[in-house]
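Please read the structure below before turning to the comments.
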Amino acid sequence: MRTTLAGAFGLDVSLLQSGMGGVAGTELACAVSNAGAVGCVGGYKLVGGALSAMLDRLTAGTDRPVGVNLIPEVVGPEELDRQVAQVLNETPERVHLSFFGMPDDAVFERVAAAGRQTVVQIGTAESGAHAAAHGAVVVAQGIEAGGHLLGTSRRDDLVAALRALLPDTCLVASGGIGSPEEAERALAAGADGVLLGTAFVVAHESRAHARFKSAVTGADETDTVITDVYAIGWPGRRHRVLATTVTTDPGQPAKFIGKTVVEGKPYLVPRFSAAVPTEATSGRIEEMALYCGRSCGAISDEVSAADVVATFARVLPGPEAYKTKERVESYVG
Ligand SMILES: Cc1cc2nc3c(=O)[nH]c(=O)nc-3n(C[C@H](O)[C@H](O)[C@H](O)COP(=O)(O)O)c2cc1C
């Protein structure tokens, strides 16, 4: 039976916050979950002690459903296995696994056997059907999205195609949603909830660099471009970013343009790095990968994560929405 996203997770609001590597730390994820939606930390390349430290903070910061996002194509199958094992061993059942792109079938089975929910973001109807067959909540990403792009379809075309294919699957729309009105369009196309990335980049609790946040609030959709230039660390996948001097002139040398710290460890940032500038990054922020969706046109203020959730809660279904509709239909019938 079809259920709202809130119904699937036991939430108040059918809203997922994207686990964004570097940007979505435990403060953001916990604030979103504590506000009644589902927060998610970006696991990205973390493993071992650094991942454990993040998981400890995550489970201490909220006792509500929350997630950990992992990216199979960035880490490869062996490292992903290590990351998944760590999350399953070190967190309680209310922590779900969220994947950007498709994990191997064995990963689905392992997560399900541990009694956890799996969320998979996809960009084609075929991969949506594959993830749904494994019992995942399916996030349909359109090309309006900020960050790396999984397909070439517009969000609502993909949502409608998937709804026709998968009448009972819990389907979440992603890409270009910066206002409640845009969320309503995605629901009308057949979604059971929405996922927001860029809208949470500018939240007070996000770890995005202050100049990244102000670039997003000052931009509109025409300031974003799809490119493949920020490939160091994550090659071979197109991404939507704010246009920079690097996207307009990709012939520049790949020299170091800044430095950053990830879970206490220092790194140099080369030009063309896929890493986003965070509050721990210094250097030429304006040349770095400023992932940003077309949603930025509707995002003009830095607000708290709870404010973002409250703004969208006005239009998003709660846990009971379809049950109520069925009751009405059976009464009328
Ligand atoms: C700054 C930024 C970083 C992102 N990093 C990730 C990530 O690490 N994992 C992931 O699953 N998706 C990531 N995404 C993509 C989102 O999951 C989602 O597809 C996108 O944000 C939706 O479009 P929107 O930004 O218009 O809301 C990122 C998006 C942004 C804007």
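First listed ligand is number 1; within each ligand, the first listed atom is number 1.
When hydrogens are left out, the protein atom nearest atom 20 (C) of ligand 1 is Gly146 O, 3.4 Å; that is the closest non-hydrogen contact. Nearest protein heavy-atom contact of atom 25 (O) of ligand 1 is Thr198 OG1, 2.5 Å. Distance from atom 14 (N) of ligand 1 to its nearest protein heavy atom, with residue and atom name: Ser18 OG, 3.8 Å. In terms of protein heavy-atom proximity, atom 1 (C) of ligand 1 is nearest to Tyr291 CB, 3.5 Å. Protein heavy atom closest to atom 19 (O) of ligand 1, with residue, atom name and distance, is Gln121 OE1, 2.7 Å. Looking only at heavy atoms of the protein, atom 5 (N) of ligand 1 is closest to Met20 CA, 3.5 Å.
Counting heavy atoms only, Gly197 comes closest to atom 21 (O) of ligand 1 of the residues Gly293, Ala274, Gly197, Gly178.
The existence of a salt bridge linking Arg57 and Glu263 is confirmed by a sub-4.0 Å separation between a basic side-chain nitrogen and an acidic carboxylate oxygen. The existence of a salt bridge linking Asp156 and Arg163 is excluded, since no basic side-chain nitrogen approaches an acidic carboxylate oxygen closer than 4.0 Å. Using a cut-off of 4.0 Å between Lys/Arg side-chain N and Asp/Glu carboxylate O, Arg2 and Asp192 are scored as salt-bridged.
Among Lys255, Arg271, Arg211, the one residue that satisfies the salt bridge (Lys or Arg N to Asp or Glu O under 4.0 Å) test with Glu287 is Arg271. Screening Leu88, Val119, Asn69 against Leu97 for a side-chain contact (heavy atoms from CB on, under 4.5 Å) leaves a single residue, Leu88.
With a 4.0 Å cut-off on non-hydrogen atoms, Val139 does not touch ligand 1 at all. Within the 4.0 Å heavy-atom criterion, neither part of His148 lies near ligand 1. The proximity of Asn69 to ligand 1, defined as any non-hydrogen pair under 4.0 Å, is limited to the side chain. Contact annotation for Ala145 and ligand 1: heavy atoms of both the backbone and the side chain come within less than 4.0 Å of the ligand.
In summary, the atoms of ligand 1 found under 4.0 Å from a heavy atom of Gln141, numbered by their order in the structure, are 19 (O). The distance from ligand 1 to the heavy atoms of Ser295 drops below 4.0 Å at these ligand atoms: 24 (P), 25 (O), 26 (O), 27 (O). Which parts of ligand 1 touch Gly19 is read off a 4.0 Å heavy-atom cut-off, strictly below it: atoms 6 (C), 7 (C), 8 (O), 9 (N), 10 (C). Those atoms of ligand 1 that come under 4.0 Å of a heavy atom in Gly21, given as number and element, are 5 (N), 7 (C), 8 (O). Those atoms of ligand 1 with a heavy atom of Leu195 less than 4.0 angstrom away are 17 (O), 18 (C). Interface atoms of ligand 1 facing Ser174, defined by a heavy-atom separation under 4.0 Å, are 18 (C), 19 (O), 22 (C). Every atom of ligand 1 is numbered from 1 in the order shown, and the set under 4.0 Å from a heavy atom of Gly176 is 23 (O), 24 (P), 26 (O).
Between His239 and Asp228, the side chains place no donor N or O within less than 3.5 Å of an acceptor N or O (distance only, hydrogens not considered). If you check the side chains of Glu144 and Ser295, you find no donor sitting under 3.5 Å from an acceptor. A donor atom on one side chain and an acceptor atom on the other are found under 3.5 Å apart for Thr281 and Thr278. No hydrogens or angles considered: nothing links the side chains of Thr224 and Arg294 as a donor-acceptor pair under 3.5 Å.
Using a 4.0 Å cutoff on heavy atoms, Gly175 counts as a contact of ligand 1. Heavy atoms of Gly42 come nearer than 4.0 angstrom to ligand 1 in no pair at all.
The shortest N/O to N/O separation between Cys292 and ligand 1 does not fall below 3.5 Å. Here's the thing with Val276: none of its N/O atoms is less than 3.5 angstrom from an N/O atom of ligand 1. The shortest N/O to N/O separation between Ile71 and ligand 1 does not fall below 3.5 Å.
Put simply, the side chain of Arg94 reaches to within 4.5 Å of the side chain of Thr62, judged on heavy atoms.
For the atom pair CG (Asp104) and CG (Asp81), the distance works out to 7.5 Å, reported to the nearest 0.5 Å. Glu93 CD to His96 NE2: the interatomic distance, rounded to the nearest 0.5 Å, is 14.0 Å.
Below 30°, between 30° and 60°, or above 60°: for Tyr291 and Tyr230 the angle between ring planes is above 60°, a perpendicular geometry.
Environment of CZ in Arg154: sparse, with no more than 12 heavy atoms of neighbouring residues, nucleotides or ligands closer than 6.0 Å.
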